[in-house]
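Let me begin by presenting the structure, written as structure tokens, before commenting on it.
Owing to the predicted nature of the structure, the values given are computational and were not obtained by experimental measurement. Both ligands and their constituent atoms are indexed starting at 1 by order of listing.
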Amino acid sequence: PIEVVIRNYAAGSLVKRLAFNRGKKFSKPLIEFYYKCDQLNDPIINESHAVLLKLVKEEDIKKIKKISLKINNLMIKYFKKINLMLVDFKLEFGRFNGEVVLGDEFSPDGCRLWDKTTGKKMDKDRFREELGGVLEAYCEVAERLGIVFDH
Ligand code: UDP
């Protein structure tokens, strides 16, 4: 029950919590863990909390971080090709046959994508911030990716 958040630029809850300027580029990806618990409002936790709460084994944290950073590298390049900045995203993991595995989808619902030229938000923030054009933005991401889309 952990949400792993990887951030390449400061945005969202991070700029509310800490004194980072929105859009600040990090010299290396920032990894955060959030405890999925509705009663507690999904609080941010550190690795020690996660282990002591028995949410994850210490050795699995290493694997989770390694997989997350690999995905980040792949997805940064993937979106760069279509002129989008991968600002941040969330991943969830599970266990299959004893192995830690990714158990998630990747879509504009779970990441932040900004147009590199205009800075336009092409993700769920359009909905969260009532900017309008949610469907249009999602379709544009799909079209830029070459995914055939009938809308
Ligand atoms: N995120 C998500 N599900 C959640 C919380 C966050 O997919 O329950 C994603 C969110 O879309 C963003 C990243 O994780 O790409 C970081 O979210 P943040 O902590 O900034 O929270 P938010 O501002 O989205 O509430």
Side-chain angles (χ1 to χ4, degrees), residues 1-51 53-56 60-96 100-145 147 149:
I2 294 175
E3 286 181 344
V4 181
V5 169
I6 292 90
R7 301 180 187 272
N8 298 307
Y9 298 85
S13 68
L14 181 70
V15 299
K16 290 183 195 146
R17 194 171 63 245
L18 295 170
F20 287 114
N21 288 328
R22 203 182 81 85
K24 184 205 158 40
K25 187 175 187 201
F26 296 128
S27 52
K28 61 179 197 167
L30 172 60
I31 304 185
E32 295 175 342
F33 299 105
Y34 292 85
Y35 177 25
K36 276 164 65 103
C37 177
D38 287 341
Q39 289 122 298
L40 299 174
N41 264 329
D42 297 356
I44 189 166
I45 54 170
N46 66 24
E47 294 177 21
S48 304
H49 296 131
V51 172
L53 284 165
K54 297 197 185 332
L55 307 178
V56 65
D60 288 340
I61 292 182
K62 265 191 182 175
K63 284 186 203 158
I64 286 171
K65 285 164 75 172
K66 197 173 162 197
I67 298 170
S68 299
L69 291 173
K70 192 170 173 187
I71 292 169
N72 188 38
N73 285 334
L74 288 169
M75 297 312 270
I76 286 174
K77 287 186 201 134
Y78 187 66
F79 287 115
K80 196 175 173 192
K81 283 188 199 150
I82 57 163
N83 206 41
L84 293 177
M85 292 157 59
L86 178 59
V87 174
D88 57 33
F89 59 97
K90 179 269 304 175
L91 295 175
E92 295 182 33
F93 291 82
R95 197 179 285 282
F96 182 70
V100 169
V101 292
L102 176 68
D104 218 337
E105 46 128 35
F106 204 105
S107 84
D109 274 355
C111 71
R112 287 194 168 89
L113 295 168
W114 295 348
D115 185 275
K116 270 185 183 283
T117 311
T118 63
K120 183 180 169 186
K121 295 175 180 176
M122 308 289 287
D123 54 67
K124 196 173 172 181
D125 275 350
R126 299 209 70 81
F127 169 76
R128 292 191 189 104
E129 297 171 17
E130 299 184 26
L131 298 171
V134 182
L135 181 62
E136 290 79 0
Y138 279 39
C139 289
E140 193 179 326
V141 173
E143 276 159 12
R144 286 196 205 181
L145 288 172
I147 298 166
F149 224 73

Proximity winner for [atom], if only heavy atoms of [options] are counted:
| atom | options | value |
| --- | --- | --- |
| atom 18 (P) of ligand 1 | Gly12, Ser13, Ala11 | Ser13 |
| atom 3 (N) of ligand 1 | Glu32, Lys90, Lys36 | Lys90 |
| atom 22 (P) of ligand 1 | Glu129, Lys16, Arg112 | Arg112 |

Partner of Val4 by side-chain contact (heavy atoms from CB on, under 4.5 Å), out of Asp104, Val56, Ile64: Ile64
I'd like to know if the side chain of [X] reaches the main chain of [Y], judged simply by a donor and an acceptor atom lying under 3.5 Å from each other, with no hydrogens or angles considered.
| X | Y | value |
| --- | --- | --- |
| Asn41 | Pro43 | no |
| Asp125 | Arg128 | no |
| Arg126 | Gly132 | yes |
| Asp42 | Tyr34 | no |

If you look at every heavy atom in Ser68 and Phe93, which pair is closest and at what distance?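 Looking at all heavy atoms of both residues, the closest pair is OG-CZ, 3.5 Å.
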Please find the pair of heavy atoms, one from Leu86 and one from Asn8, that lie closest to each other, and give the distance.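 Minimum heavy-atom separation between Leu86 and Asn8: O-ND2, 3.1 Å.
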If you count the atoms of ligand 1 from 1 in the order shown, which ones are under 4.0 Å from a heavy atom of [X]?
| X | value |
| --- | --- |
| Tyr34 | 19 (O) |
| Asp109 | 7 (O), 11 (O) |
| Val5 | 14 (O), 16 (C) |
| Cys111 | 11 (O), 15 (O) |

NZ/NE/NH1/NH2 to OD/OE distance under 4.0 Å, Arg112 and Asp123: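 No, no charged N to carboxylate O under 4.0 Å.
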Do you see a protein non-hydrogen atom under 4.0 Å from atom 15 (O) of ligand 1?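 Flag for atom 15 (O) of ligand 1 set to true, protein heavy atom closer than 4.0 Å.
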Can you check whether a protein heavy atom sits less than 4.0 angstrom from atom 6 (C) of ligand 1? no
For ligand 1, does Asp88 get within less than 4.0 Å through its side chain, its backbone, both, or neither, judged by non-hydrogen atoms?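 The part of Asp88 near ligand 1 is both the backbone and the side chain.
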Glu3 and ligand 1 - part of the residue with a heavy-atom distance under 4.0 Å: side chain
Do any nitrogen or oxygen atoms of Asp42 lie less than 3.5 angstrom from nitrogen or oxygen atoms of ligand 1?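 For ligand 1, there is no N or O atom that lies under 3.5 Å from one belonging to Asp42.
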Nearest to atom 10 (C) of ligand 1, what protein heavy atom do you find, and at what distance?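 Sorting protein heavy atoms by distance from atom 10 (C) of ligand 1 puts Arg128 NH2, 3.6 Å first.
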What verdict does the side-chain contact (heavy atoms from CB on, under 4.5 Å) test give for Arg144 and Asp115, after you've listed the backbone C-alpha separation in whole Å, the side-chain angles of each residue and the deciding distance to 0.1 Å? CA-CA 11 Å; Arg144 286 196 205 181; Asp115 185 275; 2.8 Å; yes
